[in-house]
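These numbers come from a predicted model, not from an experiment. Chain A is the first sequence line, chain B the second, and so forth, proteins listed ahead of strands; every chain is numbered from 1.
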Amino acid sequence: MRDTPEPDVLLDWYDQHARKLPWRISPQDQRAGTVPDPYRIWLSEIMLQQTTVAAVKTYFERFTHLWPTIHDLAQAEDGRVMGEWAGLGYYARARNLLKCARVVSGELGGVFPDTVEALQKLPGIGPYTAGAIAAIAFNQPAVVVDGNVERVMARMFDIHTPLPAAKPELTDYAAGLTPHSRPGDYAQAVMDLGATICTPRNPACGICPWRKPCLARQAGTAAELPKKTPKKPKPVRFGTVYIARRVDGALLLERRPDKGLLGGMLGWPGSEWVEGETPDHATPIRAEWKVLPAEARHTFTHFHLRLAVQTALVPMDRTPDQGEFIEANAFSSGDLPTVMRKAFDLYTGA
DNA sequence: AACCCGGGGTA
DNA sequence: TACCCAGGGTT
């Protein structure tokens, strides 16, 4: 019978190597009595969905400075929150963040539920996030399975079934290891292990606290796990955006519909984005339009985009057919999703 | 179950 | 370039 992975071994490692993160209470501080703030844990977990710690840090600091409590966030204006989320991606997260904040603030007295089942009923909280909040904020022995945990389990038990088909099996293994002692620290320890040692490429097996029981390390297959089903190639789509500056400096923008790509975000008026060639589209306002010599290139989850950028300077008394002018002092390019900011940077010569 | 939805870091 | 990621919602 082989060594089995011991949660306590990982917790000892975590006591020594836990990263300092803005939303994390260190094991030492927890022993001293500091308790996590469920609001901050929730906010960090939403931001961390499909997003790296490095990218999240500054956004987390900004959000908690602007809105220190769930009630503050619940009362924020939609456009303000979307603007602060700009650049972080997966904008449905920001819309669900506000929905969730308003439910918790308005209907639950500002108190987050402490069970996986109740948490998962809230907007934007799925199986992973519900488990993470239950474990980290409420110290419950919830099963927490993210991409890191999937990778650690696939290697520990040398599972060659490709993801996502392997997810239920990997979840079972994760459940079997989840301890009742310090479940919050344990959940973070496994994820830290995956983020810093059991990395996707070149795992540092030599310094891994769980190297002894790891079957993939013994088999020499760690670096090739977990297997994944091949992804479809990304097609290239083409489109045009129109950047109109009024003589007083105001810019012609439009709020995108809540549903679909970049939902709820500010953007430049423009054409549909289609495969093949740049589609024809009416300009959003009568003016002398010029096509910029370069195109804005951007890659989304499912396609590459090549965006032609047209620009114009328009007089004061002209009414747009599409979008609305925003005064120069009420606009920052940081309010735009990245693809729109790239187009603006081409325009300004940045 | 399949599909939709960003962006940045890394090799 | 291609791959990776502290996933959830919709259909």
Side-chain angles (χ1 to χ4, degrees), chain A residues 18-19 21-24 41-60 82 85-97 99-100 119-133 135-137 142-152 154 163-165 167-168 171 174 184 186-196 198-203 223-237 256-265 267 273 297-305 336-342:
Chain A
R19 291 180 292 173
L21 301 173
W23 48 87
R24 174 176 287 176
I41 299 302
W42 162 72
L43 178 60
S44 70
E45 290 300 341
I46 300 298
M47 288 182 167
L48 285 163
Q49 290 168 5
Q50 300 297 102
T51 309
T52 57
V53 166
V56 163
K57 272 184 180 170
T58 57
Y59 284 85
F60 180 84
M82 298 310 290
W85 197 275
L88 200 53
Y90 283 113
Y91 297 98
R93 292 186 295 172
R95 299 194 302 276
N96 286 326
L97 185 83
K99 281 187 197 171
C100 184
L119 285 164
Q120 206 172 330
K121 287 190 172 73
L122 293 169
I125 300 184
Y128 163 74
T129 307
I133 296 173
I136 299 169
V143 182
V144 180
V145 182
D146 72 334
N148 288 308
V149 178
E150 288 175 351
R151 185 170 58 256
V152 170
L163 284 167
K167 174 107 180 173
T171 300
Y186 171 79
Q188 296 178 89
V190 184
M191 292 191 281
D192 267 23
L193 186 75
T196 62
C198 197
T199 52
R201 284 170 289 209
N202 305 317
E224 62 191 68
L225 294 177
K227 304 281 193 185
K228 306 231 175 183
T229 54
K231 293 171 184 170
K232 291 180 185 174
K234 291 178 182 179
V236 181
R237 294 186 190 176
R256 299 173 64 87
D258 275 348
K259 295 246 177 194
L261 191 71
L262 306 178
M265 297 301 291
W273 300 344
R297 290 193 176 203
H298 189 74
T299 298
F300 292 93
T301 314
H302 291 90
F303 62 94
H304 302 286
L305 179 63
L336 298 172
T338 299
V339 63
M340 297 296 174
R341 186 183 52 73
K342 285 180 179 175

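Between C/dA6 and B/dA11, the two P atoms lie 15 Å apart (nearest whole Å). B/dG6 and C/dC5 have their C1' atoms separated by 12 Å, given to the nearest Å.
At the heavy-atom level, A/Pro337 lies under 4.0 Å from the strands shown only through sugar-phosphate atoms. Residue contacts for A/Arg151: at a heavy-atom cut-off of 4.0 Å it reaches the sugar-phosphate backbone alone, with no base atom in range. Heavy atoms of A/Ile46 sit nowhere under 4.0 angstrom from any nucleic acid atom. Here A/Gly87 lies in heavy-atom contact (under 4.0 Å) with sugar-phosphate atoms only.
Looking at residues two or more places apart in sequence or on another chain, you find a side chain to side chain contact (heavy atoms under 4.5 Å, CB included) between A/Thr51 and A/Ala55, A/Val56, A/Leu88, A/Arg93. Applying the side chain to side chain contact (heavy atoms under 4.5 Å, CB included) test to A/Lys121 and every residue at least two apart in sequence or in another chain returns nothing. Remark: A/Tyr128 engages A/Glu45 in a side chain to side chain donor-acceptor pair (under 3.5 Å) (not counting sequence neighbours). Contacts of A/Arg24 classified as salt bridge (Lys or Arg N to Asp or Glu O under 4.0 Å), with partners at least two apart in sequence or in another chain: A/Asp192. Judged as a salt bridge (Lys or Arg N to Asp or Glu O under 4.0 Å), and not counting sequence neighbours, the contacts of A/Arg341 are A/Asp345. Scored by the side chain to side chain contact (heavy atoms under 4.5 Å, CB included) test, A/Pro127 finds A/Gln120 as partners (sequence neighbours excluded). Residues passing the side chain to side chain contact (heavy atoms under 4.5 Å, CB included) test with A/Pro164 are A/Thr229, sequence neighbours excluded.
The distance between atom CD of A/Glu45 and atom P of C/dC5, rounded to the nearest whole Å, is 16 Å. Atom-to-atom, CD of A/Gln188 to P of C/dA6 comes out at 14 Å; the value is rounded to the nearest Å. Distance A/Leu163 CG to C/dC4 C1': 13 Å, rounded to the nearest Å. Atom CG in A/Leu21 sits roughly 12 Å away from atom P in C/dA6 (whole-Å rounding).
With respect to A/Phe60, the side chain to side chain contact (heavy atoms under 4.5 Å, CB included) criterion is satisfied by exactly one of A/Leu43, A/Val53, A/Leu21: A/Leu43.
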Show the distances under 3.5 angstrom between N or O atoms of the protein and N or O atoms of nucleotides 7-11 of chain C.
residue: C/dG7; atom: OP1; partner: A/Gly147; partner atom: N; Å: 3.3
residue: C/dG7; atom: OP2; partner: A/Gln50; partner atom: N; Å: 2.7
residue: C/dG7; atom: OP2; partner: A/Gln50; partner atom: OE1; Å: 2.9
residue: C/dG7; atom: O5'; partner: A/Gln50; partner atom: N; Å: 3.3
residue: C/dG7; atom: O5'; partner: A/Gln50; partner atom: OE1; Å: 3.3
residue: C/dG8; atom: OP1; partner: A/Gly126; partner atom: N; Å: 3.0
residue: C/dG8; atom: OP1; partner: A/Gly126; partner atom: O; Å: 3.4
residue: C/dG8; atom: OP1; partner: A/Thr129; partner atom: N; Å: 2.8
residue: C/dG8; atom: OP1; partner: A/Thr129; partner atom: OG1; Å: 2.6
residue: C/dG8; atom: OP2; partner: A/Pro127; partner atom: N; Å: 3.4
residue: C/dG8; atom: OP2; partner: A/Tyr128; partner atom: N; Å: 3.2
residue: C/dG9; atom: OP1; partner: A/Gly124; partner atom: N; Å: 2.5

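Along DNA chain B, the nucleotide closest to A/His302 and the one closest to A/Thr52 are compared, and the more 5′ of them pairs with A/His302.
Note that the CD1 atom of A/Ile125 and the CH2 atom of A/Trp42 stand 7.5 Å from one another [nearest 0.5 Å].
Read 5' to 3', the first and last nucleotides of DNA chain B with an atom closer than 4.0 Å to a heavy atom of chain A are B/dC3 to B/dT10.
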